[in-house]
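Presented below is the structure to which this report refers.
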2 protein chains.
Amino acid sequence: MVPGPAVSIRDVASQAGVSVGTVSNVLNRPDIVAASTRNRVLAAINELGFVPNDAARQLRRGRGRTLGLVVLDVANPFFTDVAKGVEDTTGAAGMAVIFCNSDGDPAKESRYLDLLEEQRVQGVLITPVDDANERLVRLRERGVLVVLLDRRSTRPDVCSVAVDDRLGGELAMRHLVEAGHRRIAFVGGPWRLEQVRDRYHGALHALREAGLAEETLRRFETPSPTVAAGRDAASRILGLPRSARATAVFCANDLLALGVLQELTRQQVRVPEDIALVGYDDIDFAAAAAVPLSSVRQPRQRLGQTAARLMLDEANDPDNHQHQQVIFEPELVVRESSQYARTSG
Amino acid sequence: MVPGPAVSIRDVASQAGVSVGTVSNVLNRPDIVAASTRNRVLAAINELGFVPNDAARQLRRGRGRTLGLVVLDVANPFFTDVAKGVEDTTGAAGMAVIFCNSDGDPAKESRYLDLLEEQRVQGVLITPVDDANERLVRLRERGVLVVLLDRRSTRPDVCSVAVDDRLGGELAMRHLVEAGHRRIAFVGGPWRLEQVRDRYHGALHALREAGLAEETLRRFETPSPTVAAGRDAASRILGLPRSARATAVFCANDLLALGVLQELTRQQVRVPEDIALVGYDDIDFAAAAAVPLSSVRQPRQRLGQTAARLMLDEANDPDNHQHQQVIFEPELVVRESSQYARTSG
DNA sequence: AGGCCGGGCTGAAACGTGTCAAGGTTAACC
DNA sequence: GGTTAACCTTGACACGTTTCAGCCCGGCCT
């Protein structure tokens, strides 16, 4: 009931009949202590149920065994898959992950960064809400490792792991243009997210490449990249007279696309016959949607694994660490939601 | 580049011309220090960019400002929603959440509990892999608060927040029985998960209540509660001759149900005409599925919020804390996947 | 004037660990 | 038997806080 007296390294030492230093050595450099002593100490540890206090270790060592992961939305399967990748890699290295959800809110992000700094985390893996690296630079100056996640670093001395979002936008748009679409809606937001902007500009680029006017792509900004916001955007799109209405919709992520799909279906607009739909991320649920969703696939788990690996590398050997900006290539997965060649406007 | 010398409470003190004790008081009990002194200290803190070291604080105080959350699967939207509820509540209280993913693996769960113990977390919110409370009891004895999540506590001195899984199973089964189904498959697993067993037994109970034989319900155990396992279970179900084949499937969660749905569709079995389908959890994607999925809804965010609240309550006022076993009621949401009254076997 | 009170601050002692210079023991070698 | 080296172990200090007994000082009461 009442928490018994915490057992410390000192208790172990006296129980095993050695000094505290030796116990510490058994814990941290088992090789330098004689086997017989080591066993005696281990026995004492077991008997007393000693659990090292990481706070004390951290205090002494300067940094702890935790790292922070800051994502835009826990509820988005894209990020949970990334998180899984991170966790795989760090878990194997005996590190703990403090999981933070910025919800796309700069204030919340900032609060979490404060918290992580107080925890003296080894490093932070983060998908920043906006480009104000300001804060992150300060973090680095204080010795906190920073790896940008799903975002390309503009500074050569900061690692990043990202996917080529412009290319992703191009792939999606080229696909729709080739299918004959000439009025296309882009649904995404908030605009402050670089991913959204990049995917949009990639799409624009594909348009120009095909010799089409920029007006071919109409922008519908959403307040958040969620299913509900997608439903909302869809009704805005349907609010236009049919002759001006888009015949295809490209969404900046799959949650938006699923929302759009729901609302279109509710209003009895057929997908893909009346409106074609392409999402982004290719989350597992895209393939299981009411109309299986075409989507731009990203290597989600690898993203997380690579970022974690980069961080561990730098943590273990800061001197010969080479900062890297890793870029993966996305891949278009065509499913039913965009399988309908349009022959007339 | 090179991390400058870390600034400590001592630097702040000398900069402000006060003692360390006073700085500490400014941080922790601002009211007992004179306004003028306080301002001087705050100014120094700002100027030096001082960030308190939580490890030192924790070392002194005994326990830190973090808590552990251990779930069965990060990739399952049910748990991410729960996590969101937890994070809402703890974030507001300035606590950090260490997020752990046991993946249903007892060994991994155990490793994470070790880690959390070393971190000296205030408490642990956990959905245990199995019923071996053994480990959790030990944790409590050492002063780590424990709240069971999505699992009913059998001990009166441990808080828990759960949903009535037997009732959920009953609701689903009653629905199918009333629609005329007489050969029903239950898909769920691994069996070691109490949730799975409870939902199954609830289903059995509804069956008996309706005066039907227990053989009406056939069990298909899965190695994990995932989409892939669901696909697999579906092909096992379809392996039976049509006359013996179930006309309805009740899945222990929505991921399984989505997997079943995918495989049935692939093999051109119609849902709900040929086989009706009911899932569990009512994750957001259930409504957006190829065939909108009937499901048993749980108050996911509230689950997380309530658990976190219980833990904070006990942490803040251990003496008059009343341990509680909160039980929420699930609710059946009927959608297209089970909307087909069966008139003949 | 003396006594007392209390607000405001100080200084030092912990908390549990890692580190490292120094000491101690043993074995091997001449 | 003495020297040396190799190998283990020790003991004390440092890490950055919180806490608490105590000090100082101005004001109030008698």
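Residue numbers start from 1 in every chain, and the chains themselves are labelled A, B, ... in the order their sequence lines are given, proteins ahead of strands.
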Who passes side chain to side chain donor-acceptor pair (under 3.5 Å) against A:Ser110, sequence neighbours left out? A:Arg135
Exactly one of B:Val147, B:Leu136, B:Leu149 should register a side chain to side chain contact (heavy atoms under 4.5 Å, CB included) with B:Ile126. Which one does? B:Leu136
Output the rounded distance in Å from CD (A:Glu118) to C1' (D:dG16). 13 Å
From CZ of A:Arg65 across to P of C:dG18 the rounded distance in Å is 10 Å
Given C:dC9, D:dG16, C:dG16, identify the nucleotide with an atom nearest to the side chain of B:Thr37. C:dC9
Salt bridge present between B:Glu118 and A:Arg65 (N-O < 4.0 angstrom): yes
From CD1 of B:Ile32 across to P of C:dG7 the rounded distance in Å is 10 Å
Taking CG from B:Leu59 and P from D:dA14, how many angstroms apart are they, rounded to a whole number? 17 Å
Under the ring pair (Phe, Tyr, Trp, His ring centres under 6.0 Å) rule, what pairs show up with a residue in residues 133-152 of chain B, not counting sequence neighbours? none
Is any NZ, NE, NH1 or NH2 atom of the basic residue among A:Arg309 and A:Glu314 found under 4.0 Å from an Asp or Glu carboxylate oxygen of the other? no
How many whole angstroms separate atom CZ of A:Phe50 from atom P of C:dG16? 10 Å
I'd like to know if A:Asp130 pairs up with A:Arg192 as an ion pair, taking the criterion as any Lys NZ or Arg NE/NH1/NH2 lying under 4.0 Å from an Asp or Glu carboxylate oxygen. no
Residue pairs passing the ring pair (Phe, Tyr, Trp, His ring centres under 6.0 Å) test with at least one member in residues 72-108 of chain B, sequence neighbours excluded, are A:Phe99-B:Phe99
Return the value, rounded to whole Å, for the distance between atom CZ of B:Arg57 and atom P of C:dG16. 18 Å
Just report the end-to-end axis angle for the helix from C:dA1-D:dT30 to C:dC30-D:dG1, five pairs per end, to 10 degrees. 50°
Is the closest basic N to carboxylate O distance between A:Asp157 and A:Arg155 below 4.0 Å? yes
Return the value, rounded to whole Å, for the distance between atom CZ of A:Arg61 and atom C1' of D:dC13. 18 Å
Just the rounded figure in Å: distance from P of D:dC15 to CD1 of A:Ile9. 19 Å
For the side chain of B:Arg60 and the base of D:dT18, is some donor closer than 3.5 Å to an acceptor across the two? yes
Let me spell it out: for each of B:Asp31 and A:Arg29, pick the nucleotide of DNA chain C with the closest heavy atom. Which residue's pick is nearer the 5' end? B:Asp31
For B:Gln119, give me all partners under side chain to side chain donor-acceptor pair (under 3.5 Å), at least two apart in sequence or on another chain. A:Asp54
Identify whether any heavy atom of B:Asn28 sits under 4.0 Å from a base atom; if not, whether one sits that close to sugar-phosphate; answer base, sugar-phosphate or nothing. sugar-phosphate
Got a sec? Which of residues 14-27 of chain B come in under 4.0 Å of DNA chain D, heavy atoms? B:Gly21, B:Ser24
